Amino acid sequence: WVLAALALPAAAQISFYEREGFGGRNFTTAKPVGDFERYGFNDRASSVVVRSNRWEVCEHARFGGRCMVLRPGRYPSLAAMGMNNSISSARLVGGKMHVEEHRYAPPPVLVYDASRRPSEKVFQAPVVAVRAVVTHSEQRCWVEREQVSSTEANVPGAIAGAVIGGVLGHQVGGGRGKDVATAGGAVAGAAIGANVGRDSGPGYGQEVQRCTSVPSGGRPDYWDVTYTFKGREHRMQMSSPPGRTVTVNSSGEPRV
C-alpha cells in the first residue's frame, strides 16, 4: 500500500519504507521534504531505495540533527547505519556539490532498472528455483561441561570470533546482461569462552560456553530466483517472492 507518492520524474525519486527489506507502507518523493510529519511518515522509515542522484536524510525536521548522504541504490536496513525510525527530512544533493566521505552512508545494494523500455516486447519465463536469503542472524549459546586431562596445561578463558561478509552479484544472461542486484551478507562468527576448573587431580571438568549463528526467523532480505529463457538459465534477486513465471525482454533481462 502506497501511503504517498508525488507524481514527479522517477529519475530523482527516493522511496522510504515502513519496514526493513522494503516492506509495509512507503512514501516516495522527488523533491525536498522539510518535515515528514506532513505526510504522516515522521520517524517511520526502516529501509530506503534511491533511484538516482544523491539524497541527504536527516533525523530532525528542516534538515537538522544527524544527517547522512545516500548514494543511488537499495538500503534494506536503516538500523544498520543507526537511522532506523529516525528520518524526519530529506533533500537532493546537488550534482557538483562536494560531500566529505565520512558523511556518506555505507555502500548500498545496486539498483537495476527493470522498467519496460518504449516499444519493447516482453515474454514470460518459467521460474525453476527460488531461494529465500536472510542476511541477518542471531546467536544461540549454551554451556557444556568438558573433561580435561591433567597432562594438559591450564587453558585460560578464550574468545574466538570470525565475521564472514559476502557480496552477491548476479548477471542476467550468462554475463551478457546487466546486474540485477547486489546484496551484502554478513554472518557473525561463533564466540567460544572457556573457564578452566582449578582441580589438580588426574582429570577435571570445565564449563565451556559455545555459541553458533542461527537464522533470525525474520522476513528474508531478498529472494534469489532462477528462471529459464530460450534454453538458457538466468538468475536475479527480487524483493518479494515470484510467481510461476517472471517477465523478461527478448534477451532474458527482467522487466516489470
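Treat the numbers as computed from the prediction; the structure is a model and nothing was measured.
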*Asks:* Got a donor-acceptor contact below 3.5 angstrom from the Lys230 side chain to the Ser250 backbone?
*Replies:*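 Yes, because the side chain of Lys230 sits within donor-acceptor range (under 3.5 Å) of the backbone of Ser250.
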
*Asks:* In Å and rounded to the nearest 0.5 Å, what is the OG to CZ distance from Ser251 to Arg232?
*Replies:*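 These two atoms lie 10.0 Å from each other.
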
*Asks:* With a 6.0 Å cut-off on ring centres, are Phe41 and Phe16 close enough?
*Replies:*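 No; Phe16 has its ring centre 6.0 Å or more from that of Phe41.
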
*Asks:* Distance check, rounded to the nearest 0.5 Å: Asn84 atom CG versus Ser46 atom OG?
*Replies:*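 Output value for this atom pair is 4.0 Å.
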
*Asks:* Taking all non-hydrogen atoms of both residues into account, name the closest pair between Gly34 and Ser89 and its distance.
*Replies:*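 Closest approach of Gly34 to Ser89, heavy atoms only: O-CB, 3.4 Å.
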
*Asks:* Say you draw a straight line from CH2 of Trp223 to CE of Met238; how long is it, rounded to the nearest 0.5 Å?
*Replies:*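 Going from CH2 on Trp223 over to CE on Met238, the span is 9.5 Å.
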
*Asks:* Return yes if some donor-acceptor pair links the side-chain N/O of Glu18 with the main-chain N/O of Gly24 below 3.5 Å, else return no.
*Replies:*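 Judged by distance alone, no pair lies under 3.5 Å.
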
*Asks:* Are Met236 and Val128 linked, directly or through intermediate hydrophobic residues, by side-chain heavy-atom contacts shorter than 4.5 Å (ILVMFWY only)?
*Replies:*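 As far as the 4.5 Å side-chain criterion goes, Met236 and Val128 are not connected within one cluster.
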
*Asks:* Could you tell me if the side chain of Arg131 sits less than 4.5 Å from the side chain of Arg235, heavy atoms only?
*Replies:*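 SC-SC contact between Arg235 and Arg131 confirmed.
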
*Asks:* With heavy-atom distances below 4.5 Å as the criterion, would you say the side chains of Val246 and Val127 are in contact?
*Replies:*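 With C-beta onward as the side chain, the pair touches.
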
*Asks:* Assess the residue pair Leu78 and Val48 against the criterion (side-chain contact (heavy atoms from CB on, under 4.5 Å)); give the C-alpha distance rounded to whole Å, side-chain angles, the decisive distance to 0.1 Å, and a yes or no.
*Replies:* CA-CA 8 Å; Leu78 288 176; Val48 178; 3.7 Å; yes

*Asks:* Going through the distances and angles, do Ile14 and Arg51 end up as a side-chain contact (heavy atoms from CB on, under 4.5 Å)?
*Replies:* CA-CA 6 Å; Ile14 182 171; Arg51 293 296 298 266; over 6 Å; no

*Asks:* Does the cation-pi check pass for Arg74 over Phe22, that is, NZ or CZ under 6.0 Å from the six-membered ring centre and within 45° of its axis?
*Replies:*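 Yes; both conditions hold, so Arg74 lies above the ring face of Phe22.
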
*Asks:* How many angstroms lie between atom CZ of Phe229 and atom CD of Gln124, to the nearest 0.5 angstrom?
*Replies:*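 The CZ atom of Phe229 sits 10.0 Å away from the CD atom of Gln124.
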
*Asks:* Might you point out which heavy atoms bring Ser47 and Ser77 nearest each other, and give the distance in Å?
*Replies:*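 Ser47 and Ser77 have their closest heavy atoms at CB-N, 4.4 Å.
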
*Asks:* Do Ser15 and Phe27 come close enough that some side-chain heavy atom pair is under 4.5 Å?
*Replies:*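 Of all side-chain heavy-atom pairs linking Phe27 with Ser15, none is under 4.5 Å.
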
*Asks:* Shortest non-hydrogen contact from Pro242 to Val225?
*Replies:*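 So the two residues come closest at CG-CG2, 3.8 Å.
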
*Asks:* Taking all heavy atoms of Asn42 and all of Ser88, pick out the closest pair and write down the distance.
*Replies:*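 Of all heavy-atom pairs spanning Asn42 and Ser88, the closest is OD1-OG, 2.5 Å.
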
*Asks:* Any side-chain heavy-atom pair from Leu92 and Arg54 closer than 4.5 angstrom?
*Replies:*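 No. Closest side-chain heavy atoms not under 4.5 Å.
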
*Asks:* Please name the pair of heavy atoms, one in Val33 and one in Thr29, separated by the smallest distance, quoted to 0.1 Å.
*Replies:*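 Taking Val33 first and Thr29 second, the nearest heavy atoms are CG2-OG1, 3.7 Å.
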
*Asks:* Would you mind writing out the side-chain donor-acceptor pairs for residues 57-67 within the sub-3.5 Å range, not counting sequence neighbours?
*Replies:*
from  : atom 1 : to    : atom 2 : distance (Å)
Glu59 : OE2    : Arg66 : N      : 2.9
Arg66 : NH1    : Met81 : O      : 3.4
Arg66 : NH1    : Gly82 : O      : 3.0
Arg66 : NH2    : Met81 : O      : 3.1

*Asks:* Of all the heavy-atom pairs spanning Ala125 and Tyr227, show the shortest one and how long it is.
*Replies:*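 Looking at all heavy atoms of both residues, the closest pair is CB-CD1, 3.7 Å.
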
*Asks:* Mark yes or no for whether Tyr75, through its side chain, and Arg71, through its backbone, hold a donor-acceptor pair below 3.5 Å.
*Replies:*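 Confirmed, Tyr75 side chain pairs with Arg71 backbone.
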
*Asks:* With a 4.0 Å cut-off on N to O distance, would you call Glu253 and Arg255 a salt bridge?
*Replies:*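 Arg255 and Glu253: salt-bridged.
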
*Asks:* Drop me the distance from Trp55's CH2 to Leu70's CG, to the nearest 0.5 angstrom.
*Replies:*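 Going from CH2 on Trp55 over to CG on Leu70, the span is 10.5 Å.
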
*Asks:* List the steps, then state whether side-chain contact (heavy atoms from CB on, under 4.5 Å) holds for Arg103 with Glu101.
*Replies:* CA-CA 5 Å; Arg103 294 185 57 203; Glu101 192 62 31; over 6 Å; no

*Asks:* Do Val93 and Tyr104 share a hydrophobic cluster (ILVMFWY, side-chain heavy atoms under 4.5 Å, transitive)?
*Replies:*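 Yes: a chain of side-chain contacts under 4.5 Å links Val93 to Tyr104.
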
*Asks:* Could you state the interatomic distance from CG (Asn249) to CD (Glu120), rounded to the nearest 0.5 Å?
*Replies:*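 So the CG of Asn249 and the CD of Glu120 are separated by 4.5 Å.
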
*Asks:* Show your reasoning for whether side-chain contact (heavy atoms from CB on, under 4.5 Å) applies to Ile87 and Asp43.
*Replies:* CA-CA 5 Å; Ile87 296 176; Asp43 293 340; 5.9 Å; no

*Asks:* Between Met68 and Met83, is any pair of side-chain heavy atoms under 4.5 Å apart?
*Replies:*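 Answer yes - side chains close enough.
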
